[in-house]
Each structure stands twice: as C-alpha cells, then as structure tokens.
Amino acid sequence: MKTIVLDAAEGPDPQGARLRESLLAELEQAGCEVEVFHLGEEEIDSCRGCFGCWTKSPGLCTIDDAGRQIAKAVVCSDLAVFVTPVTFGGYSSLLKRVVDRLIPVIAPLFLRIEEEGEEEPCHHCFPRLLGLGILSREDEEAARLFQTLVRHNAENFHCRAHAAGVVMPGERGMEVRIRIRNLLQRVGVDHAKA
Amino acid sequence: MPKPERALLLVGSPRGAHSTSAVLGGYLLHHLAEAGLATETVLVPHITECEERLQEVLPKLAEADLLILSFPLYADTLPAVTTEFMEWVAASRGRLKHPQRQTFVAIANSGFPEAWRSHTALAICRKFAQEVGFRWGGQLALGGGAAIDGRPLSALGGLMRHAVSALDLTAAALAAGEPVPGEATELMARPFMPFWAYLCLGGLSWRRKTRRMGAWKILDKQPVRAAEKPAGQ
C-alpha cells in the first residue's frame, strides 16, 4: 500500500519521536511503501483563497511550490497519514498549510449526500486518511475535536476509510504502537495479512 | 461583563479586505463604532507575513477589550494563516496584560449551505480563547457565504436579511457588554434560501466562473493523476 506521511511534528519532542518511530515500524511491518514529507523542511506557501484551482486550472493549485507536489503525492497514494501537534483541538498551522493546498483535488460542485451538501471530488478515489495528533497535556475535549476534524476532512475529501487518534504525554512506546496498529487496521492496513 | 470601549476586528481570510469575512466583520464593527466604541481592523494574512508586523499588532491586541475574529471555513476549519496567528497569540499571551478582561467573539462563514459545518472551527476558536485566557463572548456561523462573495450586505437586498438582523442584535449586545445573543446565533444560521435552490445556483455560479476562465471543458480532468499514468493509457 502506497503511503504518504505528512509529518508536522517538528523538533526533538520525545512524544513526536515515539509516535513517528511506532508509525514507521508498523507501516514497514505491514509492507507499505512509505514516503515521508517533513513539512518543517519544505517551502510551502499558504492558500491564497483565489479559487484558481477551481476556475483557472481545475485540479491544480496556481502556486507552483512543494505544496503542489505534496498534493500530487497524496492523491496518488492509497493512504495519507497526518502527524501533527494538536493546536486548540485542531491541526497545527504547519499541517494546515498543506491541508488547505489539497483543496484543488475536490471540485466546487456539490453532491447531495443524506440531505447534506458536500463538495464533489474531482479525483474520485481519495486515499484513506489517518490522523495522528500529539497532545502536550491530557485534554479530552481537544482529542475529541481533533477526531471530529479528521472525520469531516475524510467526509468532504470522500476518503474510502478514515481513523484518528491522539498520543497523550507519558504514554509508553508499546501503548503508542498498539494504538497505531489498531488505527491502521481501521483504515485497512493489517500487518498480519502482509 | 463590562461595557467595552475598544473593539479590534481580526479578518482571518486569505482574501483580506475583499473577503466575505471582512464584509461580515466590517458590518458589525461599523455598528459598534456607531454605539461609541473605538474600532480598528487588522488583516491577519497581511500581518503573519513578517515578525515585525506581528510585533506591531501586539499593542493593539493588548489594548482592545473586545476582539472579533471573522474567518472563512477552509477544509473544515480555520485557514492556515489564521491558525498560525492564533498560535502566535497563544505563545505571546504573557505579553497581554489582562486577557481575562478581554472578550473574544468568533464569526465563521462557509460555502456549505449548512451553518453547522463551521461548528468544529468555532469550537477550536473557543478552545483558543480558553487557552489564552480570553473571556468567550459567543459565536455566529453563516452557511452559504459564497452568496455574499465579498459584496456589501446592503447590495444584496433582502437575501441576507437574517444575517443583517443577527449582526444588528450582536452589535447591540456586545456594545452593552453582553455576549452574542442566542437569537442572533439562530438567525445567522437560518438558511436564506431552500437547500435545493442553493445547490442549484451554487453549481451554476461555479460553472459560469469556469466557463469565463475557459476551464469548463477540463473541469473533470485529473491533472495530477494524469501525470502519473504512462503515455497511451
């Protein structure tokens, strides 16, 4: 399974390192082909809200930088993994820069699904989505918000499957790894089948 | 809460002064000025471009007793530039003298017909206010914001009458030192046209825009995927 990891957990933070290590070990064990983007090392401009990716060059952002390459890698993958510190219950601005730049992969036209308006995907099979958040302190509300946000992203990007979880401070490496394994199973990655 | 004297509008849209966020926040700010408050507007994308501008805005943030953040929904939450600004405010909170005396209000707008699509983003705003120590003054969420498209509310006739009433009620309450009234929240969230009509007109509007730009015929192309496929397939 082709997997793209968007890593916005910068620095030598032990929680981030533990999560990253566990995630990569689980993906390797499952036989996934993994490409990691360290977002702190990439030059990515923020979305300008020009809608050029819908009206001028549908499917393609008008800003030609790493954000475009990352969007391409995500769309051509089977699984996208967001790794981010949880900021007020949401994504960090570093990850959000990239998520905003994924908007070109959906079309502006609406689909009506269960009485709700949703944007129509122009790339009909968006990858599965796994969101992994890092909390600097125990905060159930922030964890719940993070999971809700990943679910809404998955619905509106029309992902085939999705899951989300957070890592709390003080969690041991094995606990983190088991949690990630369970989340990966929910998006169809099972190393027992590899 | 005490009556505010200074209000600062933070426009959190990458489209800046020409955005729907600026229109909604600007209307509210105008009515607060009429009620006697000193008002000022800061365009968030403009100030996040460099550290110097951020430092310049800090005294304005510290002096205002009413902070209003007006933003669009991008990928189900706040735009990256606005998130970056909020992270910076949270990291600088030690330099805000009395955040507990400052009231924070959030206004969200989205292109989705349903206002509830902004609720997660507004919950994030509330969490931000809590972490910085601001007093939460309430929220407004507008669905179908694409119908405004940066035009003044007065130019839209009766189409936005619920939103106008909601903002009038909000301005009166905030000027009196009260939080956003529940009635205003309900009015702002009320659909201004039937769901089916919004979807139909929204689709037509995007089709017209893509046709004008000459992109209509390639709307269903998948340029990113196509580049991956070997020639001839």
Side-chain angles (χ1 to χ4, degrees), chain A residues 44 46-52 54-60 68 71-76 87-112 115-119 122-124 139 141-142 144-145 148-153 155-157, chain B residues 13-16 19 45 48 72 74-88 90 111-114 117 119-121 123-131 143 146 195-196 198-199 202-203 205-207 209-210 212-216 218-228:
Chain A
I44 304 162
S46 291
C47 171
R48 296 170 190 158
C50 67
F51 297 122
W54 284 350
T55 58
K56 290 180 189 168
S57 53
L60 209 58
R68 219 192 241 185
K72 177 178 172 180
V74 167
V75 165
C76 296
T87 309
F88 319 120
Y91 303 147
S92 71
S93 59
L94 193 58
L95 176 65
K96 191 66 198 345
R97 267 177 193 239
V98 174
V99 175
D100 286 353
R101 297 286 301 278
L102 295 177
I103 291 174
V105 306
I106 49 172
L109 307 175
F110 285 107
L111 276 180
R112 192 167 178 164
E115 296 299 311
E116 293 162 3
E118 293 198 14
E119 281 153 325
C122 59
H123 297 230
H124 296 286
D139 187 338
E141 189 191 5
R144 202 173 51 246
L145 271 175
T148 306
L149 178 56
V150 173
R151 177 165 54 82
H152 286 170
N153 273 177
E155 284 168 1
N156 290 322
F157 281 116
Chain B
S13 168
R15 294 168 76 88
S19 62
T48 48
Y74 274 29
D76 305 298
T77 181
L78 297 107
V81 282
T82 313
T83 307
E84 197 178 335
F85 176 71
M86 288 159 74
E87 288 169 352
W88 178 80
F112 287 110
E114 313 95 339
R117 297 274 184 183
H119 285 181
T120 304
I124 287 170
C125 290
R126 190 179 182 135
K127 193 100 190 101
F128 158 75
Q130 193 183 14
E131 289 193 17
F195 192 89
W196 63 266
Y198 180 79
L199 295 194
S205 167
W206 282 114
R207 284 186 174 91
K209 282 177 186 168
T210 51
R212 204 184 304 141
M213 304 305 289
W216 171 241
I218 56 167
L219 195 59
D220 289 331
K221 296 281 180 203
Q222 300 181 16
V224 174
R225 277 249 168 85
E228 284 290 294

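In this view, R48(A) and D45(A) satisfy the side-chain hydrogen bond (donor to acceptor under 3.5 Å, both in side chains) rule, not counting sequence neighbours. With sequence neighbours excluded, the residues satisfying side chain to side chain contact (heavy atoms under 4.5 Å, CB included) with A80(B) are S46(A), K96(A), R97(A), D100(A).
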Please report the C-alpha distance between Q130(B) and E141(A) in whole Å, then the side-chain angles of each, then the deciding distance to 0.1 Å, and finally whether the side chain to side chain contact (heavy atoms under 4.5 Å, CB included) criterion is met.
CA-CA 12 Å; Q130(B) 193 183 14; E141(A) 189 191 5; 3.9 Å; yes
Quick one, T148(A) with H119(B), criterion side chain to side chain contact (heavy atoms under 4.5 Å, CB included). Give me CA distance, side-chain angles, the key distance, then yes/no.
CA-CA 10 Å; T148(A) 306; H119(B) 285 181; over 6 Å; no
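Contact of A121(B) with chain A is not made at all, since no heavy-atom distance falls under 4.5 Å. In this structure, chain A has heavy atoms under 4.5 Å from both the backbone and the side chain of E87(B).
Shortest non-hydrogen contact noted between V99(A) and A75(B) is CG1-CB, 3.8 Å. For the residue pair T83(B) and S93(A), the shortest heavy atom distance occurs at CG2-N, 3.8 Å. For the residue pair D76(B) and N153(A), the shortest heavy atom distance occurs at OD2-ND2, 2.7 Å. Nearest heavy-atom pair across Y74(B) and G49(A) is OH-CA, 3.1 Å.
Note that CZ of R15(B) is 8.0 Å distant from SG of C50(A), once rounded to the nearest 0.5 Å.
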